[in-house]
K.L.:
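Let me give you the structure first, and then I'll get to my questions.
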Amino acid sequence: MATAAVPAEAAVAPAAKAEVKAGPGGVRIEALDFVRGAALFGILLMNITGFGLPEAYENPQNSGGAEGVNLWAWMITQIGFEGTQRGLFSLLFGASVILLTARLEASGRPDAADIYFRRNLWLIGFGLVNAYVFLWFGDILYAYGVTALFVFAFRNMAPRRLLAIGVGTLLLLSAWNAWDASKGLAAHRAFAEAQAAQARGAELSPEQEKAVESWKGIEAYFVAPPDRIAEEIEARTNGYGRAFLATAPINVKMQTWFTYRYFFDVFGMMLIGMALYRWGVLTLERPTWLYVAMALGGYAIGLAVNILETRWILANGFSALAFAQTAVTYELGRLPMTIGHLGALLLFVRSGLLGRFRRALAAVGQMAVTNYLTHSVVCAIIFVGFGLYGQLERHQLYYVVFAIWAVQLVASPIWLRHFRFGPVEWLWRYLTYLKRPPIRHTAVPTSAGAAAAA
């Protein structure tokens, strides 16, 4: 998608603006595509445990190993990346809402709203394909498409209000998370009281029996019994049909209850991304000290919280109670870390260092939807097709991640030297505008950098 000019209110005599280059239908802003590419790789870094191991995303003791290098792999992702990469992706999606709608409305097109909604309805469709055909129950495209339908009404709002509503929404999400965590902790207290009564030889009341069952259900969510692990591995390694039947019920839950339960997560970050774009933060229109402050302040708070949470989980032997307790402060660590990553990535772009790598990662970001869906296809082939689901240790999964990163860093720039869009981005544009766009360059291709995917 092409961009509109950065709003006048964002101009502040920057030390160095984001590099802007000509692209299909308009201009591309390298900073946005670079951050998107980094977030895309970070999402794979987190998703790989869901692709390759049963029940191991939160608790490494369930499968994949929880000692030595495997434990270090869990700690690094838990402290440094958990929840932050989808946060970055959501921020950039919010910016893309401004980029698309501003351009369409400035052109005077009477079908601007039609284009916007058609685009996001097709994104929902891509999410359904990713979940049910490519077997990825952790798909985010569906949730982004649904949330974008609501974000449209906020596109012309002043950035201060966007920020206020976005932060308020995230506070509401945090309160909801804390409420859920408090219910879990209350369930454990009732369970402990029932156990104490049972130890004294007392007969449990119906309420106490219910408390025991309630806590055991919560415990099973975090600490999976071996027979469930074995069942999941058997279902995912005996052909596509069995894997489809195993993942379909999970996808139904993810695209119904989970989508609405965590709506505020995506919605709030999108609004904040819209505000940051309007202020010129995402396009490097602000002075360097701001990005330094974002990085240092975000990491100072986020690392402190995440390290304390991780130490608490380790000290309590990965117990369900420890996970429930740390859920109370989850957002307090995730949100600052997201801002810290954003500041650090934008500082890297401003520095001008490693130009070839920077442009390659920007090309990955320019083809974000293609590359994101490719992750699902490749991992389905490796873990379902080749039957490696549940067979590798946690640290070995990252060899797959690094291999995919390397291929996409090489392939994306090469593709964009010959073609205007990634293949899925081209299809998405075709379905959105109801007009077949040219896919090959008609002139000397420009360097890939950029604003919004497709």
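All heavy atoms count here, side chains included; hydrogens, waters and symmetry mates do not. Predicted model only: the values in this text are computed from it and were never measured.
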K.L.:
Which word best sums up how the rings of Phe152 and Tyr116 line up, parallel for under 30°, tilted for 30 to 60°, or perpendicular for over 60°?
P.N.:
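Rings of Phe152 and Tyr116: tilted, 30 to 60°.
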
K.L.:
Hey, are the side chains of Asp139 and Gln255 touching, using non-hydrogen atoms and a 4.5 Å cut-off?
P.N.:
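Yes, at least one pair of side-chain atoms sits under 4.5 Å.
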
K.L.:
How about Tyr277 and Leu99: do any of their side-chain heavy atoms sit closer than 4.5 Å?
P.N.:
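With C-beta onward as the side chain, the pair touches.
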
K.L.:
Would you say the side-chain atoms of Thr169 pair up with the backbone N or O of Ile165, donor to acceptor, closer than 3.5 Å?
P.N.:
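Pair found, side chain donor or acceptor close to backbone of Ile165.
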
K.L.:
Any Lys/Arg nitrogen of Arg334 or Glu331 sitting under 4.0 Å from an Asp/Glu carboxylate oxygen of the other?
P.N.:
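A salt bridge links Arg334 with Glu331.
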
K.L.:
Between atom CD of Glu203 and atom CD of Gln208, what is the distance when rounded to the nearest 0.5 Å?
P.N.:
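Result: 10.0 Å between the selected atoms.
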
K.L.:
Does the separation of the ring centres of Tyr144 and Phe93 fall below 6.0 angstrom?
P.N.:
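Under 6.0 Å, so yes.
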
K.L.:
Under 3.5 Å, is there a donor-acceptor pair between the Gln408 and His375 side chains?
P.N.:
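Checked: Gln408/His375 side chains pair up, N/O donor to acceptor below 3.5 Å.
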
K.L.:
Are the side chain of Asn59 and the backbone of Phe222 linked by a donor-acceptor contact shorter than 3.5 Å?
P.N.:
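Side chain of Asn59 to backbone of Phe222: a pair is present.
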
K.L.:
Does some side-chain heavy atom of Val266 sit less than 4.5 Å from a side-chain heavy atom of Thr259?
P.N.:
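Sidechains of Val266 and Thr259: no contact.
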
K.L.:
Looking at every heavy atom in both Leu282 and Ala31, which two are closest together, and how far apart are they?
P.N.:
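Smallest heavy-atom distance, with atoms named: O-CB, 3.8 Å.
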
K.L.:
Nearest 0.5 Å, please: how far is CG in Asp265 from OG in Ser90?
P.N.:
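Taking OG in Ser90 and CG in Asp265, the distance rounds to 6.0 Å.
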
K.L.:
Side-chain contact, heavy-atom cut-off 4.5 Å: Leu162 with Ile272?
P.N.:
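With C-beta onward as the side chain, the pair stays apart.
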
K.L.:
Could you verify whether a donor N or O on one side chain and an acceptor N or O on the other, from Glu425 and Thr370, lie under 3.5 Å apart?
P.N.:
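Looking only at side-chain atoms, Thr370 and Glu425 do form a donor-acceptor pair, the distance falling under 3.5 Å.
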
K.L.:
If you measure from the Lys or Arg side-chain nitrogens to the Asp or Glu carboxylate oxygens, is any gap between Asp33 and Arg358 under 4.0 Å?
P.N.:
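Result for this pair is no, no salt bridge flagged.
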
K.L.:
Between CD1 of Ile233 and CD of Gln391, what distance do you get to the nearest 0.5 Å?
P.N.:
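Rounded to the nearest 0.5 Å, the CD1-CD separation comes to 6.0 Å.
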
K.L.:
Rounded to the nearest 0.5 Å, how far apart are CG of Asn316 and CD1 of Ile313?
P.N.:
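So the CG of Asn316 and the CD1 of Ile313 are separated by 9.0 Å.
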
K.L.:
More than 12 heavy atoms of other residues, nucleotides or ligands under 6.0 Å from OH of Tyr240: yes or no?
P.N.:
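Count over threshold, so yes.
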
K.L.:
Heavy-atom count check: over 12 atoms from other residues, nucleotides or ligands less than 6.0 Å from Arg160 CZ?
P.N.:
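Counting other residues, nucleotides and ligands, CZ of Arg160 stays at 12 neighbours or fewer.
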
K.L.:
Crowded around Lys253 NZ? As in, over 12 foreign heavy atoms under 6.0 Å?
P.N.:
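Atom NZ in Lys253 is not packed in, count stays at 12 or less.
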
K.L.:
Which heavy-atom pair separates Arg86 from Gly83 by the least distance, and what is that distance?
P.N.:
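Reported closest heavy-atom pair: NH1-CA, 3.3 Å.
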
K.L.:
Would you indicate whether Arg228, at its atom CZ, is surrounded by more than 12 heavy atoms from other residues, nucleotides or ligands within a distance under 6.0 Å?
P.N.:
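Correct, the count exceeds 12.
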
K.L.:
Cut-off 3.5 Å, side chains only: do Tyr398 and Glu393 have a donor facing an acceptor?
P.N.:
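No pair is found: no donor N or O on one side chain lies under 3.5 Å from an acceptor on the other.
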
K.L.:
Are any non-hydrogen side-chain atoms of Phe421 and Trp428 less than 4.5 angstrom apart?
P.N.:
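Side chain of Phe421 against side chain of Trp428, heavy atoms only: no contact under 4.5 Å found.
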
K.L.:
Check the angle between the aromatic planes of Tyr399 and His395 and answer parallel, tilted or perpendicular using the 30° and 60° thresholds.
P.N.:
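Because their plane-to-plane angle is over 60°, the rings of Tyr399 and His395 count as perpendicular.
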
K.L.:
I need the minimum non-hydrogen distance between Ile404 and Cys379, along with the two atoms involved.
P.N.:
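It is CD1-SG, 4.4 Å.
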
K.L.:
Looking at Gly138, is its backbone amide N or carbonyl O close enough to the side chain of Trp136 to form a donor-acceptor pair, meaning the two atoms are under 3.5 Å apart?
P.N.:
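Yes, the answer is positive, given that a donor and an acceptor are paired below the 3.5 Å cut-off.
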
K.L.:
Mind checking the CG-CG spacing from Leu397 to Asn47? Nearest 0.5 Å is all I need.
P.N.:
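Leu397 atom CG to Asn47 atom CG measures 12.0 Å (nearest 0.5 Å).
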
K.L.:
Should Ile339 and Leu335 count as side-chain neighbours, where that means a heavy-atom distance under 4.5 Å?
P.N.:
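When only atoms from C-beta onward are counted, Leu335 and Ile339 do not touch, as no gap falls below 4.5 Å.
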
K.L.:
Examine distances only and state if a side-chain atom of Asn70 and a backbone atom of Arg394 form a donor-acceptor pair shorter than 3.5 Å.
P.N.:
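Yes; at least one donor-acceptor contact below 3.5 Å.
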
K.L.:
Are the side chains of Leu392 and Leu53 in contact, using a 4.5 Å heavy-atom criterion?
P.N.:
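No, every pair of side-chain atoms sits at 4.5 Å or beyond.
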
K.L.:
Could you check Ile250, Thr256, Val252 and say which one makes a side chain to side chain contact (heavy atoms under 4.5 Å, CB included) with Met254?
P.N.:
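That would be Ile250.
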
K.L.:
Test side chain to side chain donor-acceptor pair (under 3.5 Å) on Thr288 and Arg350; report intermediate values, then the result.
P.N.:
CA-CA 8 Å; Thr288 299; Arg350 171 163 283 181; 3.0 Å; yes

K.L.:
What do you reckon, is CH2 of Trp405 surrounded by more than 12 foreign heavy atoms closer than 6.0 Å?
P.N.:
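Yes - once you tally the heavy atoms of other residues, nucleotides and ligands closer than 6.0 Å, there are more than 12.
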
K.L.:
How about Phe267 and Phe154: are their ring centroids closer than 6.0 Å?
P.N.:
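Centroid distance Phe267-Phe154: below 6.0 Å, so yes.
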
K.L.:
Is the closest side-chain heavy-atom distance between Val223 and Gln61 below 4.5 Å?
P.N.:
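Result no, sub-4.5 Å side-chain heavy-atom pair not found.
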
K.L.:
For Phe89 and Tyr372, take the angle between the two ring planes, folded into 0 to 90°, and tell me which bin it lands in: parallel under 30, tilted 30 to 60, perpendicular over 60.
P.N.:
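Judged by the thresholds at 30° and 60°, the geometry between Phe89 and Tyr372 is tilted.
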
K.L.:
What distance do Thr77 atom OG1 and Ile48 atom CD1 have between them, rounded to the nearest 0.5 Å?
P.N.:
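Spacing of OG1 (Thr77) from CD1 (Ile48) equals 12.0 Å.
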
K.L.:
Show, in sequence, the C-alpha distance, side-chain angles and deciding distance for Tyr389 and Phe51, and conclude whether the ring-ring contact (aromatic ring centres under 6.0 Å, His included) test is met.
P.N.:
CA-CA 8 Å; Tyr389 184 79; Phe51 282 124; 9.9 Å; no

K.L.:
What are the two closest heavy atoms between Pro413 and Ala363, and how far apart are they?
P.N.:
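What the structure gives for the nearest pair is N-CB, 3.8 Å.
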
K.L.:
Whether Arg359 and Glu30 form a salt bridge (side-chain N of Lys/Arg under 4.0 Å from carboxylate O of Asp/Glu) is what I want to check.
P.N.:
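No, this pair does not count.
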
K.L.:
Any side-chain donor paired with an acceptor under 3.5 Å for Thr329 and Glu309?
P.N.:
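Yes - a donor-acceptor pair under 3.5 Å links their side chains.
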
K.L.:
Looking at residues at least two apart in the chain, or sitting in another chain, which of them share a side chain to side chain donor-acceptor pair (under 3.5 Å) with Arg261?
P.N.:
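Residues passing side chain to side chain donor-acceptor pair (under 3.5 Å) with Arg261: Asn177, Asp180.
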
K.L.:
Centre-to-centre under 6.0 Å for Phe126 and Tyr142, is that the case here?
P.N.:
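Centroid separation for Phe126 and Tyr142: 6.0 Å or greater.
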
K.L.:
Looking at every heavy atom in both Leu342 and Leu91, which two are closest together, and how far apart are they?
P.N.:
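That closest heavy-atom pairing would be CD2-CD1, 3.9 Å.
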
K.L.:
Phe318 and Trp74: ring-ring contact (aromatic ring centres under 6.0 Å, His included), yes or no, with the steps?
P.N.:
CA-CA 12 Å; Phe318 297 97; Trp74 175 81; 5.2 Å; yes

K.L.:
Specify the closest pair of heavy atoms between Leu185 and Ala324, including all atoms of both residues, with the distance to one decimal.
P.N.:
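Here Leu185 and Ala324 meet closest at CD2-CB, 4.1 Å.
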
